[in-house]
Structure formats: structure tokens, C-alpha cells
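Structure record follows, encoded as C-alpha cells.
So you know, we letter chains A, B, ... as the sequences are listed, proteins then strands, and number each from 1. Quick note: numbers below take in every heavy atom, side chains included, and nothing from hydrogens, waters or symmetry partners.
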Protein chains: 2
Amino acid sequence: MNTGIIDIIEKVTEIFKTFLKRGDYRQTPERFAILKEIYHKDSHFTIEELYEDMLNKKFRISRATVYNTIKLLLKSNLVVKHQFDDNSAHFEKTFKTKQHGHMICTICKKVIEFQDTELYHIQKGVEKNFGFEVHSTTLTFYGLCKDCLKN
Amino acid sequence: MNTGIIDIIEKVTEIFKTFLKRGDYRQTPERFAILKEIYHKDSHFTIEELYEDMLNKKFRISRATVYNTIKLLLKSNLVVKHQFDDNSAHFEKTFKTKQHGHMICTICKKVIEFQDTELYHIQKGVEKNFGFEVHSTTLTFYGLCKDCLKN
DNA sequence: TTACCTGCAAAGGGTTTGCAGAGTC
DNA sequence: GACTCTGCAAACCCTTTGCAGGTAA
């Protein structure tokens, strides 16, 4: 499992390097450190969580740099952004990650992921019908989870 | 067409009245005026847009009341909230409105709606598989619209 | 009459911006 | 060496909150 993660991080680092070169962006240690941290995570995160995780690992960094780098990662499609129904944006890595949706419990705020193949068909449908080119997708169901339904 | 709107507004006003009574909320003129304004709209709106529209119609109201009333309308399911990729929340009426998704062009910011029947199947699927009870849904595709693809 | 609701203004929280110093190319 | 990037802090915008006066029940 660990070797898998290392391989993936190597790969996305390459992709990011290429992206930076092409866009005339500089290759700073902060940018690679943030990418690495994100790809070590298994789940969603907010900017604040990412920022604190890096501080905890004694990596000296500022919020502004995290915001700046996330923008580049979004542009390079290595990360996607989700705006759930709270005030802060949530992010996820994309490389080697399957397309999925989210269920959010409006009581306990839990976020549950689910895989779906039909989603892909819907996407193909709108691309065909509207001449729209889809870059990223957010499917979110809000409601009550199993545990909260019991109460 | 106009009679259709009037009928619908009468109907949702009744629904809202019942909701307010049941929840021991007061029936204030502001609340009904906001509901009416929303159901006169054809499309998405932000709090700020709604607020300004009401001011333009010489209805004296405050932002705080708009925020407060929107919460009640969400609770009564007469309005849904969408968090697109900008900072402000977007809202829509729900009554007599079909389930649909949104495509958002990341360049021109245009929001295009599309109907989809498959979405309902996905919803049924997660309800069955996860014991989750879905109350509302947001499906959003981000990408490039036909017009922006030309350039 | 008794809460609750409204309007106003200030506070709060996430994100962006401006600027000086550091680091990439 | 030029110019971008970083870190810090202040500014910004949307939303929430506190309080005094008004209003529905």
C-alpha cells in the first residue's frame, strides 16, 4: 500500500512539474510539499485543515501560499473543489481516484462517498446535447444518514 | 402564463402558511413578500439579488430578514440552496419545478440547466444501498460552454 | 401583553490582496 | 539580476449575531 502511495506521489509530482514549466510558474518547495501532503490524505480536506496539518509536520508555510498553490493544483486538474453546504470549500485529489458523489447528513454533517457509473452517462449526455465540455463534476445528496434516521 | 404564476403563488403561500403555523412561526408580511418575489423569478438568485430586487420594488426590508426567511423556506422545502463555485449561495424555487442539474461555464460563468431522469435512479440507488434519506440534490458540471469553446 | 420578528450595525469566518523580503530561473 | 513567490497582516465579502423598537398572536 505504501509503495502505491509513493509511486502515485512521484507520478503527480512529475505532472505538476510539467504543468508549472508550461505555465511559466516557479517550482518552489512549498508547492511540491503541498501536493505531497494532499496526496497522502485519504479524504476531503479544507484549506484550514491542510494548513494545520503542514504546521503540525513542522513545515513552515502561510495560508496565502496554500491558497495560491491550491489554485494551481485546480488548474492542473490534480485536485477538485467541492462547495458543500457549509462556508468553507472542500478539496480532494483526483489522480487515480474514481468518479464519485457525496452524501451529506444535514444533522451529523458526515460526508459519505459513493461510486456511481450512471453519473458518467449523464455527463456524456450533457456534453452531447449542449456542446458543453465537462472538466469536473459535483454530485451531492443532502439528507439524513442511517444513524441519524434512528433518532 | 401569468395566471399560472398567480395560481402557483397562491398555492405556495398556503403551503408556507401551514408550515409557519405548525412550527409556531409568525406570519409576517415580509415573509410572504419574499416568497412571492422568489416565485416570480424564473431562475437562480443570490441573497443580495433578492434583497436588491425587493428594494427596487420599494419594499422596505433588511438583509437580516431575507436571510432569516430563506432559512424558513429551505426548511419548508419551498426553496433549495446551491453552493456553486463562487462565494455566495444560490437559491431556487422548488414547487412545480423538475429535478435538474446545472452546467457552469468556468469562463463566462453562465449557468445552464438540464433535465435528467437518470439522476433519480442514482438517488434511489444510494437510498437503498446506504439507508440514506435524500432531501435535496445538487448535480453540477463545471467546464466550458459551447460559446467559450469556440474561442 | 408577551414573545417573536424586524432593522440596523457590528462581529465573525473564509478568502483575497498589498507589500517587503526571499528564492527561482 | 530580474521577477515571481512567500509570509504576514489587513482588507474584503458573505453571513450571522446582538440589541432596541415594532408587531403578530
Starting at atom [atom1] of [X], determine the distance to atom [atom2] of [N], rounded to an integer number of angstrom.
X: A/Tyr25; N: D/dT6; atom1: OH; atom2: C1'; answer: 17 Å
X: B/Arg60; N: D/dT23; atom1: CZ; atom2: C1'; answer: 14 Å
X: A/Leu20; N: D/dT6; atom1: CG; atom2: P; answer: 10 Å
X: A/Lys71; N: D/dC5; atom1: NZ; atom2: P; answer: 12 Å
X: B/Arg31; N: D/dT23; atom1: CZ; atom2: P; answer: 15 Å
X: A/Arg26; N: D/dT4; atom1: CZ; atom2: C1'; answer: 4 Å
X: B/Leu72; N: D/dT16; atom1: CG; atom2: P; answer: 13 Å

Nearest-nucleotide comparison on DNA chain D, the residue closer to the 5′ end among B/Gln83 and A/Tyr51
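Per heavy-atom nearest nucleotide, the more 5' residue is A/Tyr51.
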If you assign each of B/Ile47 and B/Gln27 to its closest nucleotide in DNA chain D, which residue comes earlier from the 5' end?
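Looking at the nearest nucleotide for each, B/Ile47 comes out on the 5' side.
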Need two values: the first and the last nucleotide of DNA chain C, 5' to 3', having an atom under 4.0 Å from any heavy-atom of chain B.
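First-to-last contact on DNA chain C, by the 4.0 Å heavy-atom rule, is C/dA3 to C/dC8.
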Sub-6.0 Å ring centroid separation between B/Phe132 and A/Phe114:
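Here the rings of A/Phe114 and B/Phe132 have centres that are no less than 6.0 Å from each other.
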Quick check: closest heavy atoms across B/Leu50 and B/Phe45, and the distance to 0.1 Å?
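Looking at all heavy atoms of both residues, the shortest contact is CD2-CE1, 3.7 Å.
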So A/Asn68, base contact, sugar-phosphate only, or nothing? Heavy-atom distance under 4.0 Å.
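If one applies the 4.0 Å heavy-atom cut-off, A/Asn68 turns out to touch the sugar-phosphate alone, with no base involved.
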B/Glu48 near the nucleic acid: base, sugar-phosphate alone, or nothing, with a heavy-atom cut-off under 4.0 Å?
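The answer is nothing, as B/Glu48 stays clear of every strand by at least 4.0 Å.
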State whether A/Thr28 places a side-chain N or O below 4.0 Å from either non-bridging phosphate oxygen (OP1 or OP2) of D/dT6.
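So the side-chain polar atoms of A/Thr28 do come within 4.0 Å of the phosphate oxygens OP1 or OP2 of D/dT6, strictly under.
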Check whether any side-chain nitrogen or oxygen of A/Arg63 sits under 4.0 Å from OP1 or OP2 of D/dA9, and answer yes or no.
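Checking A/Arg63 against D/dA9: no side-chain N or O falls below 4.0 Å of OP1 or OP2.
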Identified stems (criterion: three or more consecutive Watson-Crick or G-U pairs, under 3.5 Å), DNA chain D
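Detected stem regions: C:1-25 with D:1-25.
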Might you confirm whether atom OH of B/Tyr120 has over 12 heavy atoms from other residues, nucleotides or ligands at distances under 6.0 Å?
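Not buried by this count: 12 neighbours or fewer within 6.0 Å.
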Side chain to side chain donor-acceptor pair (under 3.5 Å) contacts touching residues 48-59 of chain B (sequence neighbours left out):
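Every pair satisfying side chain to side chain donor-acceptor pair (under 3.5 Å) with a residue in residues 48-59 of chain B: B/Glu37-B/Lys57, B/Lys41-B/Asp53, B/Glu48-B/Arg63.
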Under 3.5 Å: donor-acceptor pair, side chain of [X], backbone of [Y]:
X: B/Thr106; Y: B/Gly143; result: yes
X: A/Asn68; Y: A/Ala64; result: no
X: B/Ser76; Y: B/Leu73; result: yes

Is there a side-chain contact between B/Thr137 and A/Leu139 (heavy atoms, below 4.5 Å)?
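Counting from C-beta outward, B/Thr137 and A/Leu139 do come under 4.5 Å.
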Do B/Ile38 and B/Phe91 touch side chain to side chain, with heavy atoms closer than 4.5 Å?
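A side-chain contact under 4.5 Å is absent here.
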First of B/Ser62 and B/Asn87 reached from the 5' end of DNA chain C, by closest nucleotide:
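By nearest-heavy-atom nucleotide position, the 5'-most residue is B/Ser62.
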